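Everything on this sheet refers to the single structure shown next.
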Amino acid sequence: MRAKWQECFAEASDVLKSDKHQQTIVRVLDLEIGGRDFITMAGPCSVETEHQLLSTAHHVRRGGARILRGGAFKPRSSPYAFQGHGLAGLKMLAQARAETGLAIVTEVMSEDDVPLVAEYADILQIGSRSMENYTLLEAAAKSQRPILLKRGMMATVGDLLKSAQIVLENGNPNVILCERGIRTFDATLRNTFDVAAIALLKQISHLPVIADPSHACGHRDLVPALARIGVAAGADGLIVEVHPNPEKAWSDGEQSLNFAEFDQMMASLKPYIALRGTMVATQALETVG
Ligand code: PEP
Ligand code: MN
């Protein structure tokens, strides 16, 4: 790695690649995130009803997703918007896992909730709005659950890596980084998808990197294209919002794919994922050689 990056990210040195540590593989149930397989996480923005969650879980499982997403504790920009079902939502997620075998990723917003969420979730999501909440990061790290760390909407790559460093320093090596778009001067879309950050993170960090094309643009029509770009940039997986009836969704309906759109996206990703497989295999050979 270039000396420039070592200097630039000196405060997050443990997350940088080293001779000894080229790639972290995060193991969740029987899955390996950061390895050869490309992992798709899919599901609704919020857990709404049993029918909504279970029908989505079964559908995305059939379509090739391996992890179910869904918020039970929701960080919302408006204090009047739906804040999530809390424990009842976690119980629905556990039911979906029991029925489908999908692993569960769900957000935890407060350190007080970490023990409860960790009891139900296979991966704890730290949301964009919480990325720099160090008390939460420490508590989440200590739960020993893998952490999906979303980039703050106003955070630099360095800020993201420093937050990941906090988790590692608290004894938890299982961190997955997530690029979900940042705020820029251009407000045409919900956020600006920083695809260069994905390429950079894959070059400098041993942690798995996933792309969130849903929050990155805010429009379902653009999600499949952004997903393909994320794969081409080197992402190890995707997290994408899917809803049985996006027009009626309680949160983020505009950016949620319906079932048919999810299937089309997955089909369109196939050649990109195949190409990624070849690239990963070549890189592994180069590292060995
Ligand atoms: C979400 O995943 O639904 C979410 C709230 O994401 P972010 O923290 O990236 O805004
Ligand atoms: Mn959302």
Side-chain angles (χ1 to χ4, degrees), residues 40-48 52-53 56 60 65 67-79 81-86 89-90 92-93 103-110 113 117 121-133 136-137 140 146-157 159-160 163-164 175-184 189-195 197-198 201 209-220 222-223 226-227 230 235 237-258 262:
T40 301
M41 313 179 183
C45 177
S46 313
V47 176
E48 299 169 6
Q52 171 245 16
L53 186 69
T56 309
V60 300
I67 300 180
L68 177 66
R69 62 147 292 144
F73 292 92
K74 291 304 300 175
R76 303 306 303 280
S77 302
S78 161
F82 175 55
Q83 309 286 319
H85 285 308
L90 296 175
M92 287 189 241
L93 287 165
I104 301 297
V105 58
T106 194
E107 178 158 358
V108 58
M109 290 171 59
S110 142
D113 294 332
V117 180
D122 299 294
I123 303 174
L124 296 181
Q125 176 173 324
I126 303 290
S128 187
R129 292 159 190 78
S130 302
M131 188 207 82
E132 285 173 300
N133 182 342
L136 173 61
L137 289 173
I147 306 293
L148 173 64
L149 181 61
K150 298 190 92 176
R151 180 178 180 184
M153 58 189 85
M154 302 290 279
T156 64
V157 169
D159 296 333
L160 173 65
S163 290
V175 180
I176 304 157
L177 303 172
C178 178
E179 161 58 32
R180 48 76 76 204
I182 51 172
R183 281 203 177 150
T184 66
L189 302 176
R190 182 174 181 181
N191 288 297
T192 297
F193 189 30
D194 187 2
V195 74
I198 297 177
L201 289 169
V209 179
I210 67 160
D212 176 344
S214 310
H215 293 85
C217 67
H219 292 275
R220 84 177 65 96
L222 292 171
V223 167
L226 266 55
L238 284 179
I239 182 162
V240 60
E241 289 185 337
V242 180
H243 192 284
N245 188 357
E247 283 74 27
K248 295 268 163 66
W250 300 3
S251 62
D252 285 351
E254 273 280 292
Q255 65 194 35
S256 299
L257 302 176
N258 65 29
F262 175 72

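Numbering of residues begins at 1 and proceeds along the displayed sequence. Only a predicted model underlies this, so the values are computations on that prediction, with no experimental measurement involved. As the structure lists them, so they are numbered: ligands from 1, and atoms in each ligand from 1.
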So which heavy atom in the protein is nearest [atom], and how far is it from that ligand atom?
{"atom": "atom 9 (O) of ligand 1", "value": "R180 NE, 2.7 Å"}
{"atom": "atom 6 (O) of ligand 1", "value": "K150 NZ, 3.0 Å"}
{"atom": "atom 2 (O) of ligand 1", "value": "R69 NH1, 2.8 Å"}
{"atom": "atom 4 (C) of ligand 1", "value": "H215 NE2, 3.4 Å"}

Distance-only side-chain donor-acceptor flag, H215 / D252, under 3.5 Å
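A pair is found: one side chain offers a donor N or O, the other an acceptor, under 3.5 Å apart.
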Quick check: of its N, O or S atoms, which one does [X] have closest to the Mn ion (ligand 2)?
{"X": "H215", "value": "NE2"}
{"X": "D252", "value": "OD2"}
{"X": "E241", "value": "OE2"}

May I ask whether [X] has any heavy atom positioned less than 4.0 angstrom from an atom of ligand 1?
{"X": "G71", "answer": "no"}
{"X": "M153", "answer": "no"}
{"X": "K74", "answer": "yes"}

Mark up the atoms of ligand 1 that fall under 4.0 Å of a heavy atom belonging to [X], in ascending order.
{"X": "G127", "result": "8 (O)"}
{"X": "Q125", "result": "1 (C), 2 (O)"}
{"X": "S128", "result": "7 (P), 8 (O), 9 (O), 10 (O)"}
{"X": "C45", "result": "3 (O)"}

So, regarding [X] and ligand 1 (criterion: nitrogen or oxygen to nitrogen or oxygen, under 3.5 Å), is there a contact or not?
{"X": "R190", "answer": "no"}
{"X": "E241", "answer": "yes"}
{"X": "R129", "answer": "yes"}

Are R69 and E241 close enough for a salt bridge, meaning some N to O gap below 4.0 Å?
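Answer for the salt bridge query: yes.
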Nearest heavy atoms of [X] and [Y], plus distance in Å:
{"X": "S78", "Y": "Q83", "answer": "O-NE2, 3.5 Å"}
{"X": "S251", "Y": "C45", "answer": "OG-SG, 3.1 Å"}
{"X": "G43", "Y": "T56", "answer": "CA-CG2, 4.0 Å"}
{"X": "S256", "Y": "R220", "answer": "O-NE, 2.7 Å"}
{"X": "Q52", "Y": "S46", "answer": "NE2-O, 3.0 Å"}
{"X": "M109", "Y": "L136", "answer": "O-CD2, 3.6 Å"}

T106 (side chain) donor-acceptor with A121 (main chain) under 3.5 angstrom:
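Side chain of T106 to backbone of A121: no pair is present.
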Using side-chain heavy atoms (C-beta onward) and a distance below 4.5 Å, is L160 in contact with L201?
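Yes; the side chains approach each other to less than 4.5 Å.
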Residue E254 excluded, over 12 heavy atoms near CD under 6.0 Å
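12 or below, so no.
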